[in-house]
Amino acid sequence: MRMIMFFLVGLLVHVIFFISIFDIYFTSPLVHGMAPQVSPLPPPASRLLLVVADGLRADSLYKPDANGSTRAPYLRSVMEETGSWGVSHTRVPTESRPGHVALIAGFYEDVSAVAKGWKENPVEFDSVFNESRHTWCWGSPDILPMFAKGASGDHVYTYTYPAEREDFASTDASRLDTWVFDEVKSFLQSARVNSSLMSSLQKDQNVFFLHLLGIDTNGHAHRPMSQEYLENIRLVDSGVKELVSMVEDLFDNDGRTAYVFTSDHGMTNWGSHGAGHPSETLTPLLVWGAGVHTAQRVTEPQKYSDGYLQEWQLEGLRRVDVNQADIAPLMSSLIGVPIPLNSVGVLPLQYLNNSDQFKAESMYSNAIQILEQFKVKMAQKKETTLSFLFTPYQLLTESRQAEFINKARVLIQLEEYEEAISLCRSLIGHALEGLSYYHTYDRFFLGCSVVLGFTGWTSYVVLVSGKTLCVCVLNVSGKTLWWMGVGATLLIGMFLIIQRSPVTYYIYCLLPVPVWYSVLKDCYCVCLPQVVSFFYRAMLTVGLAVLSLWPLLSGLYSKAKFRSLSWVLCCLFLATFPMMPVVGREANIHMVTCAGVLSLLISTFYLWLARKRTTLHLTDRYLLIFQVTNVSVCAYVPTSTHSSLQLKQGLPLLNQMISWTTLGSSLFVPLLSSTRLFHRLLSIFLSLTATYLLLSTGSEALFPPVLSWLMFVWINIEQEAMLSQGISGRQELSTLDFSENIDITKIRQLKLDDIRRSYFFVSFSLVTLFDPASVYCFLTVFNPFIMGGLMMWKVIIPFIIVMCTFETIQLWKCHHILHHYLVLLSSSLHPSFLQHFFFLVQDYGSWLDIGTSISHYVIVMSMTIFLMLLSLMTHILTSRRVSLWRTRKMHFP
């Protein structure tokens with residue numbers, strides 16, 4: 001009962017500290033209560049047409065074909081004649097949701113949206129659509145609803161196709177764009193016979209939004225250099241041309257329509273996006289129509305040194321680059337609506353074809369709009385901080401704010417527009433820095449509280465579970481400690497109450513008090529550091545190479561040459577996997593087939609070794625035959641699926657059924673097998689490998705068979721190590737049975753070999769941290785939670801294989817020592833190691849960067865809990881047996 005309580009308390013502590021990173025790093029930066037800002041001068045346009053070609057790279061649109069012709073002739077003519085163009089620089093994460101938020105709302109993705117699966121708004125925000133009189137949207141059900149939901153009133157109308165159409169295995173993803181164009185055409189045609197609709201369309205401050213997902217879907221399925229991707233660009237170009245003609249005709253060519261064509265993000269050559277490669281962050285931007293500069297010829301070299309102007313053959317046309325969030329204030333300025341309240345974009349004046357006064361007034365409104373956010377943020381922080389502890393942002397104190405505003409107004413009145421614009425830009429820069437300053441104001445204080453608490457908990461775990469490794473360094477009476485704890489609790493509580501801190505602050509700040517009380521009461525300290533490479537995967541290769549020398553250095557090579565040689569070769573082979581690229585590798589389905597063949601060969605070798613020593617019941621033989629056949633089928637399914645997708649025939653239903661059935665039965669089928677040691681291990685290996693093959697697209701499929709063979713060698717060589725130490729009672733491995741009861745009273749003290757085995761476990765486990773490549777054998781329709789779950793299971797499979805090896809060692813040594821390994825791992829996570837990862841958690845960058853930083857922290861923090869749960873699961877997986885049929889009693893020799 002005491003151990004159960006200890007486990008539950010530990011689980012609670014780990015959950016609290018895991019949640020803390022979301023409360024510290026991933027809180028919404030958005031504030032509310034600002035006054036809307038708009039230029040007092042009349043706008044140049046009455047309506048705006050925004051077209052976003054999802055996943056379109058800048059070079060894919062701008063760069064001519066090999067024969068010198070353009071794949072988007074209409075948009076090229078806009079650049080050369082009627083409009084302005086440039087590159088929109090997106091910010092990581094380069095995903096659809098954050099890209100559209102930046103374009104339409106003017107701020108970069110609220111990272112707290114990760115908790116909503118990027119489907120919903122964690123905090124509602126303002127947008128150009130919300131500020132418009134009417135907005136009509138057509139496109140994906142993943143993008144449009146978030147802007148309609150956040151709009152005040154009922155003036156944002158969305159028209160979406162079913163989510164099932166967003167299928168990466170679709171025969172022709174460009175049909176998504178065709179659907180959008182057809183719907184818009186039908187809408188415009190209906191306006192001619194619908195007087196009420198036409199009346200709404202004739203009003204000013206209207207927005208039409210087209211979200212085109214076909215290019216992105218074709219890029220994922222066929223890569224950006226494919227014919228499907230490039231043909232989709234041509235389709236979009238012709239669709240935009242026809243649509244512009246219909247709009248101009250509908251409004252009698254009144255010259256009051258502004259057009260914006262851009263993309264939310266680009267795409268890598270291998271069909272992915274989310275990170276910061278230029279192919280992902282550089283997107284096209286074309287603006288033309290009312291209030292926009294026409295094409296401007298230049299003869300002097302432009303300031304851009306990236307070489308794209310020459311590559312795209314656009315040296316003679318003025319290029320105007322912007323940050324993606326700058327497009328929101330540009331659209332607001334064109335149609336005369338307030339800039340979105342949470343926008344951090346800076347108005348790109350080079351696109352505007354208007355008076356200097358209009359530009360100055362627009363830039364002033366932009367500066368005040370961002371300053372309003374800063375003022376609200378500062379007021380919130382000042383209200384919840386004691387006056388003598390509050391440190392304002394020095395570059396933008398209240399007096400300096402008033403100075404900036406007054407001077408800008410005076411300059412505009414004196415018609416010193418260039419100076420006014422320059423001053424407003426300076427004010428915007430300071431306000432943006434100040435917003436970041438106040439958003440992270442409490443981060444260091446909370447971070448120190450969390451690290452202090454977890455350092456205490458780590459010390460306590462080692463204290464109660466591994467006292468033989470600790471040294472007494474202090475002796476404080478219990479009564480003194482109790483009063484010290486009460487005093488610390490009261491002081492911290494009063495401080496938080498005065499500052500009106502959130503409830504979670506009380507938890508993070510008060511939790512260290514009882515934890516450190518428990519530690520200091522017994523006054524032990526720990527000194528067992530361990531350094532593990534999380535950032536440089538090559539260090540894992542070095543570590544495995546060193547581990548390969550163990551039989552040679554320990555003298556085991558002379559006693560078991562074949563097993564020692566197998567150990568060396570397996571470690572070196574396994575050491576090659578961390579050197580393989582995590583992302584950006586091309587699919588190699590033939591390697592999956594080879595991995596299936598290797599798994600079958602290993603299974604055959606297992607059975608051959610055990611053929612004379614143990615006998616199998618007929619039903620167990622049938623089960624193994626079934627599992628071997630299933631592995632053969634699963635080795636073929638990825639090839640079949642890949643071929644079907646390449647031929648645009650979709651995901652075969654039979655392959656999908658096989659995949660889900662194999663996954664669902666992967667932990668159940670081994671329970672039907674014999675509990676004899678190698679027979680059960682073989683059954684687990686076959687079951688898990690079948691699932692891993694279905695989740696693989698290349699060389700990573702070889703990992704489970706190589707790892708399993710190394711685990712088999714490890715089991716045998718550990719027995720040789722025991723024999724070499726003179727430990728008697730060696731038992732034949734093939735005669736061991738997992739169902740034998742282990743006497744948990746035989747708990748011995750830790751020895752040097754136990755430390756060595758724990759380090760072996762860490763090394764083998766960390767190599768399993770592969771980035772999963774594909775789930776296309778299971779589904780092709782985008783579903784982040786199901787796909788994420790499948791990827792997580794792929795990562796856990798090698799952990800299960802390694803943990804089953806520990807169960808085997810535990811069984812044959814007849815000592816319940818597994819929890820000592822967990823204690824070693826927990827104590828090895830030195831407080832500075834945890835501190836290192838806690839303060840390296842990122843709330844910026846790509847989803848890969850953010851996710852990796854969170855993963856590192858969680859792995860370090862929760863390794864003990866994770867291993868306890870995994871140990872329980874593998875114990876059941878190895879020792880329990882389910883009988884679906886009556887078996888004849890057998891007598892083993």
Side-chain angles (χ1 to χ4, degrees), residues 8-33 110-112 115 122-123 373-394 434-460 476 478-521 831 834-835 837-841 843 854 857-858 861-862:
L8 293 176
V9 172
L11 182 62
L12 177 62
V13 170
H14 283 73
V15 168
I16 289 174
F17 288 137
F18 172 68
I19 295 175
S20 72
I21 64 172
F22 293 96
D23 206 23
I24 296 171
Y25 288 97
F26 301 106
T27 54
S28 174
L30 304 185
V31 292
H32 298 88
D110 180 358
V111 291
S112 60
V123 177
Q373 297 180 68
F374 171 83
K375 293 167 67 175
V376 171
K377 197 78 172 179
M378 183 180 71
Q380 289 178 350
K381 191 53 57 184
K382 191 173 183 179
E383 186 179 356
T384 58
T385 305
L386 294 175
S387 58
F388 65 90
L389 294 177
F390 179 71
T391 305
Y393 180 64
Q394 295 300 323
L435 279 172
S436 177
Y437 172 80
Y438 286 120
H439 182 62
T440 59
Y441 193 85
D442 292 331
R443 182 170 294 181
F444 183 77
F445 166 69
L446 293 176
C448 290
S449 299
V450 170
V451 169
L452 183 65
F454 196 83
T455 301
W457 173 253
T458 302
S459 303
Y460 181 70
V476 182
K479 188 174 182 180
T480 302
L481 278 177
W482 189 85
W483 281 111
M484 289 173 61
V486 171
T489 301
L490 292 175
L491 286 175
I492 295 172
M494 288 293 293
F495 175 75
L496 296 175
I497 290 173
I498 293 174
Q499 295 211 135
R500 289 180 285 181
S501 301
V503 175
T504 51
Y505 283 31
Y506 289 83
I507 298 175
Y508 305 144
C509 296
L510 292 176
L511 185 59
V513 176
V515 171
W516 277 105
Y517 169 78
S518 301
V519 172
L520 296 176
K521 187 173 61 175
L834 172 76
Q835 209 170 9
F837 285 106
F838 179 84
F839 287 108
L840 284 180
V841 172
D843 59 348
I854 295 175
Y857 174 70
V858 171
M861 181 189 67
S862 60

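The chain is numbered in sequence order, starting from 1.
To the nearest 0.5 Å, the span separating CG on Leu446 from OG1 on Thr440 amounts to 11.5 Å. Taken to the nearest 0.5 Å, the CD atom of Gln373 stands 10.0 Å off from the NE2 atom of His32. In this structure, CG on Leu511 lies 8.0 Å from CG on Leu12, to the nearest 0.5 angstrom. Within the model, atoms CZ of Phe445 and CG of Leu389 stand 10.0 Å from one another, a figure rounded to the nearest 0.5 Å. Rounding to the nearest 0.5 Å gives a distance of 11.5 Å between CD of Gln380 and NE2 of His439.
Legend: salt bridge (charged side-chain N to carboxylate O under 4.0 Å, His left out) pairs involving residues 506-519, not counting sequence neighbours: none detected. Contacts classified as salt bridge (charged side-chain N to carboxylate O under 4.0 Å, His left out) and involving residues 485-499 (residues at least two apart or in different chains) are not found. Counting only residues at least two apart or on different chains, the salt bridge (charged side-chain N to carboxylate O under 4.0 Å, His left out) pairs with a member in residues 491-509 are Glu383-Arg500. Note on residues 384-394: no pairs pass salt bridge (charged side-chain N to carboxylate O under 4.0 Å, His left out), not counting sequence neighbours.
The closest side-chain heavy-atom distance from Tyr438 to Pro392 is below 4.5 Å. Counting heavy atoms from C-beta outward, Met378 and Phe390 have side chains that approach closer than 4.5 Å. Side chains of Lys381 and Asp442 form a contact here, defined as non-hydrogen atoms less than 4.5 Å apart.
The minimum heavy-atom distance between Gly453 and Val515, with the atom names listed, is O-CG1, 4.0 Å.
When the side-chain hydrogen bond (donor to acceptor under 3.5 Å, both in side chains) test is applied to Lys375, no partner is found at least two apart in sequence or on another chain. For Thr504, the side-chain hydrogen bond (donor to acceptor under 3.5 Å, both in side chains) test picks out Asp23, with sequence neighbours left out. In terms of the side chain to side chain contact (heavy atoms under 4.5 Å, CB included) criterion, residue partners of Ile492 (sequence neighbours excluded) are, by chain and number, Leu496, Cys509, Leu510, Val513. Shown here are the salt bridge (charged side-chain N to carboxylate O under 4.0 Å, His left out) partners of Lys377, two or more places apart in sequence or in another chain: there are none. Applying the side chain to side chain contact (heavy atoms under 4.5 Å, CB included) rule to Leu490 yields the partners Val486; only residues at least two apart in sequence or on another chain are considered. Legend: residues meeting ring-ring contact (aromatic ring centres under 6.0 Å, His included) with Tyr508, ordered by chain and number and at least two apart, are absent. Scanning for ring-ring contact (aromatic ring centres under 6.0 Å, His included) contacts around Tyr437 gives Tyr393, Tyr441, with sequence neighbours left out.
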